[in-house]
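Here the structure comes first, spelled out in structure tokens, and everything after it is commentary.
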Amino acid sequence: MDFTPVIIKVRRIVRSINLESKKVQKEYGVSIPQLLCLEYLKEAPNYQATQRVIRDHMRLNSSTMTGIINRLERKGFVARLPKSGDKRVTNIALTSNGERILKNTPDLMQKRLDMKLRSLSDTEIGKINDALDLLINMLEIEDIDASPVLTGGEENIRDF
């Protein structure tokens, strides 16, 4: 049996994630994790949340989350605001510039995938999950930490 079609399909997925990441970065000047952070804030109460809440939602480590927020703040897409009544806590707030960039960017592959997965039955989701688990085991990558954020290759990690 020829296994090339399986390898090509996996490569197509990886390549499409990389291409989307590069396109968004080039056209809009933000990384996909930065956009996901902005999207989270847009849905948050009063368009703001603590860095810890955002970090936990995105399942990223503290230093990566700090880098994302620092870059978004430098671009004027978020602002750090002291929490009313507790100056030790800082809220990260979506700015009007941040909301504007969200309106101009297309739906990300991750969002499209999420919407389509929601339309599948539990049985179909189980089959996909089992097939992906099998691939992960075959590639011996069970120990690689991964968040639910679809981003491009490792070169983008420093660009968060």
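Quick caveat, the model's predicted, so the values are computed rather than measured.
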Exercise. Counting only heavy atoms not in R112, do more than 12 fall under 6.0 Å of its CZ?
Worked result: yes

Between the OG atom in S21 and the CE atom in M109, the distance rounded to the nearest 0.5 Å is 9.5 Å

| Is there a path from V53 to V89 through hydrophobic residues (I, L, V, M, F, W, Y) whose side chains come within less than 4.5 Å of each other? | no

### Message
Using only atom types and a distance under 3.5 Å, with no angle test, would you say the side chain of R71 pairs donor to acceptor with the backbone of G67?
### Response
yes

For the residue pair F77 and N97, establish whether any side-chain heavy-atom pair is separated by less than 4.5 Å. yes

_Backbone N/O of G76 and side chain of T95: donor-acceptor pair under 3.5 Å_ = yes

**Message:** Please check this pair: side chain of T66 against backbone of S62, looking for a donor-acceptor N/O pair closer than 3.5 Å.
**Reply:** yes

Taking C-beta and beyond as the side chain, do Q110 and E20 meet within less than 4.5 Å on heavy atoms?
no

Main-chain N/O of Q48 paired with N46 side-chain donor or acceptor, under 3.5 Å = no

Review point. With side chains defined as the heavy atoms from C-beta onward, is the minimum distance between M65 and I69 less than 4.5 Å?
Key: yes

Any R80 side-chain heavy atom under 4.5 Å of N70 side chain: yes

Do the side chains of L38 and T105 get nearer than 4.5 Å, heavy atoms only?
no

Shortest non-hydrogen pair, L41 vs A49, comes out as CD2-N, 3.7 Å

key: P106 and Y28, any side-chain heavy atoms less than 4.5 Å apart   = yes

Exercise. Cluster question for you: counting only ILVMFWY and a side-chain heavy-atom cut-off of under 4.5 Å, with indirect links fine, are L132 and L120 together?
Worked result: yes

Open item on the list: Starting from L35, can I reach L19 by hopping between I/L/V/M/F/W/Y residues whose side chains sit under 4.5 Å apart?
Closed with: no

Query raised in the report: Taking the side chain as C-beta and beyond, is there a heavy-atom pair between L36 and E39 under 4.5 Å?
Result: yes

*asked:* Just by distance, no angles: are the side chains of T90 and Q51 close enough, under 3.5 Å, to form a donor-acceptor pair?
replied: no

Within one Ile-Leu-Val-Met-Phe-Trp-Tyr cluster: L139 and I136, side-chain cutoff 4.5 Å
yes

Side chains of E99 and K103: closer than 4.5 Å at any heavy-atom pair?
yes

Margin query: If we ignore hydrogens and angles and just use 3.5 Å, is the side chain of N61 paired with the main-chain N or O of S63 as donor and acceptor?
Written below: yes

- Mark yes or no for whether Q25, through its side chain, and S31, through its backbone, hold a donor-acceptor pair below 3.5 Å. yes

Rounding to 0.5 Å, atoms NE2 (H57) and CG (L60) come to a distance of 10.0 Å

| said: Side-chain heavy atoms nearer than 4.5 Å, only ILVMFWY residues, links allowed to pass through others: does that put Y40 and L81 together? | reply: no

D122 CG: over 12 foreign heavy atoms closer than 6.0 Å: no

